[in-house]
A.B. asks: 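First the structure, which I've put down as structure tokens, then a few questions once you've had a look.
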Amino acid sequence: MRLRRARQEVKMIKIAVLGYGTVGSGVVEVLNTNAKVIAKRAGQEVEVKYVLDLRDFPGDPVQSKLVHDYNIIAEDPEISIVVETMGGTKPAYEFVKRALLSGKSVCTSNKELVAAYGAELVHIAKSKTVNFLFEASVGGGIPIIRPLNQSLTADKIEQINGILNGTTNYILTKMAEDGSDFADVLKEAQELGYAEKDPTADVEGYDACRKIAILTSLAYGQQVDYQDIYTEGISKITAEDFKYAKAAGAAIKILGSSRKVGGRLYAMVAPQMIGKDNPLYSVNDVFNAICVTGNMLGDVMFYGRGAGKEATASAVVSDVVDAVKHMNVNVMTIWEDEKQQIAPLEEMENRFFVRVGESERAKAEAAFENLEVIDGGVPGEFGFITEKMTEKKFHDAIAEFDTFITRIRVGF
Ligand code: HSE
């Protein structure tokens, strides 16, 4: 009897959760709700020994595990896995680095941390034979990091296109359905709790930018600095743009994209018109999806909930299970800190949907060869789609128009 208890005690992994916000509390909930199945899959029970937060949570069972001082966790040899769900880089970076250096694996949902310090933290984990895992940092609950690292290993990745932000996908879906303006839908999304009070990171594409930087770094095994990626948000998309999109049989989505063309890597975050044959066309509401194109595999798409407490926590806990299964073994992630150069945007080739004043119709027809006219039914305007051309050529040509209204890249 004593022997059996001793054996059971050995079969228990103790972890700490940093941050008891939406994702952190979700992690504790998932571990409690699915304790049995998680223990079976991990081969050991997983116990949350500490939760770090500045706040107290009286009445919540987590209160008995709550600590306010990270030193208690960092210096406890019983803790072999640290879950980081604080967000931001300060103090998350210092905490995570210290955990890895002291031989603890780290599982994080923090895309700011991973985008900024991923290469360094992957390297430290390798040198200490522990793991730095970040499945939840991109696409919330969608498995995409592990597939990129462990499944899509036979292919050269040619292209990644992703709807990587739930808030903006919700807003664009509503604008398409209701014919409403951006500002009205944003306000409604904030009232429903789908958009933050300060929505800048989502609507201006900064969140998606970090996510495509992480995916592109993993796809090519080298550091892609998110600051190098051209990023354009959705705040200038209007109800009129959707009238044209409908007429063209297209959806407007904000995509994080990277593609290799002739050995050059292009990357950007921007709204795009995509047609029905694009697998991302029907990805609506808060859902995310990532379409990866391999040179042997062709297209493969990953779809699911890109945000939300349970979905994101599920991905974090899947990393905890992975870390338990790979104690004292580093699950190799190739992410060198040597910088991957992004080719200048002006050399990237795209097609463009353009709106100018009706008065410059003839000028547009002369300036852009083989343009495709789109009748959005908006009085006083001329809408069209250009042929594929470099961003620079387009920019130079459109600068000559006095009545230029807007342009959206076309992904079909
Ligand atoms: N604000 C993000 C989104 C949360 O809307 O997708 C997940 O990173």
Side-chain angles (χ1 to χ4, degrees), residues 19 21-27 30 83-89 92 107-118 133-145 148 160-175 182 185-218 226 229 231-235 237 252-257 269-272 280 283-291 302-319:
T22 306
V23 182
S25 59
V27 167
V30 170
V83 167
E84 188 278 306
T85 54
M86 306 167 81
T89 55
C107 308
T108 182
S109 57
N110 185 340
K111 70 221 148 213
E112 290 97 343
L113 176 77
V114 179
Y117 300 106
L133 303 172
F134 43 92
E135 183 59 73
S137 66
V138 179
I142 305 172
I144 180 60
I145 303 293
L148 269 181
I160 302 174
N161 276 317
I163 293 176
L164 300 170
N165 184 272
T167 305
T168 46
N169 202 34
Y170 174 83
I171 292 172
L172 292 173
T173 304
K174 277 276 158 203
M175 286 177 77
F182 170 78
V185 180
L186 172 63
K187 193 161 169 271
E188 188 192 314
Q190 284 172 315
E191 279 160 11
L192 288 168
Y194 290 155
E196 306 272 351
K197 260 193 203 144
D198 177 359
T200 316
D202 292 319
V203 301
E204 296 306 341
Y206 308 147
D207 174 82
C209 173
R210 282 165 177 78
K211 292 169 177 169
I212 192 67
I214 295 169
L215 296 180
T216 310
S217 297
L218 290 176
Y226 66 86
I229 298 177
T231 299
E232 187 180 308
I234 62 163
S235 53
I237 301 290
I252 301 174
K253 300 287 182 190
I254 179 167
L255 303 186
S257 305
V269 173
Q272 293 192 38
L280 297 170
V283 175
N284 287 323
D285 298 314
V286 293
F287 283 88
N288 282 196
I290 301 123
C291 187
F302 303 85
Y303 169 86
R305 291 188 183 278
K309 180 175 172 169
E310 286 85 4
T312 310
S314 162
V316 177
V317 174
S318 78
D319 278 347

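Whatever order the structure lists them in is the order used to number ligands and atoms, beginning at 1.
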A.B. asks: Note the single closest protein heavy atom to atom 4 (C) of ligand 1, along with its residue, its atom name and the distance in Å.
C.D. replies: Ala307 CB, 3.8 Å
A.B. asks: Please list, chain by chain and in numerical order, all residues satisfying side chain to side chain contact (heavy atoms under 4.5 Å, CB included) with Thr173, sequence neighbours excluded.
C.D. replies: Asn169, Glu177, Lys253, Asn284, Asp285
A.B. asks: Over all heavy atoms of both residues, which pair between Ile142 and Gly304 is shortest? Give the atoms and the distance, please.
C.D. replies: CD1-N, 3.4 Å
A.B. asks: Do Ser257 and Gln272 come close enough that some side-chain heavy atom pair is under 4.5 Å?
C.D. replies: yes
A.B. asks: Between ligand 1 and Lys111, is the shortest N or O to N or O distance under 3.5 Å?
C.D. replies: yes
A.B. asks: For Glu196, is at least one N or O under 3.5 Å away from an N or O on ligand 1?
C.D. replies: no
A.B. asks: Report the part of Asn288 (side chain from C-beta onward, or backbone N, CA, C, O) that has a heavy atom under 4.0 Å from ligand 1; answer both or neither where that applies.
C.D. replies: neither
A.B. asks: Under the side chain to side chain donor-acceptor pair (under 3.5 Å) rule, collect the residues that match up with Ser217, sequence neighbours excluded.
C.D. replies: none
A.B. asks: Regarding atom 1 (N) of ligand 1: of the candidates Asn169, Ile163, Asp202, Thr168, which has the closest heavy atom?
C.D. replies: Asp202
A.B. asks: Is it true that the side chains of Ser235 and Glu204 contain a donor and an acceptor less than 3.5 Å apart?
C.D. replies: yes
A.B. asks: Report the nearest protein non-hydrogen atom to atom 7 (C) of ligand 1: residue, atom name, distance rounded to 0.1 Å.
C.D. replies: Lys211 NZ, 3.5 Å
A.B. asks: Considering the heavy atoms of Thr167, write down every atom of ligand 1 situated less than 4.0 Å from one of them.
C.D. replies: 1 (N), 3 (C), 5 (O)
A.B. asks: Provide the number and element of each atom of ligand 1 under 4.0 Å from a heavy atom of Gly306.
C.D. replies: 7 (C)
A.B. asks: Go through ligand 1 atom by atom and flag the ones less than 4.0 Å from a non-hydrogen atom of Gly166.
C.D. replies: 3 (C), 5 (O), 6 (O)
A.B. asks: Between Val286 and Tyr170, is there a side-chain heavy-atom distance shorter than 4.5 Å?
C.D. replies: yes
A.B. asks: Would one find an N or O of Leu164, backbone or side chain, under 3.5 Å from an N or O of ligand 1?
C.D. replies: no
A.B. asks: Quickly, which of Val138, Ile144, Ile145 forms a side-chain contact (heavy atoms from CB on, under 4.5 Å) with Leu218? Name it, please.
C.D. replies: Ile145
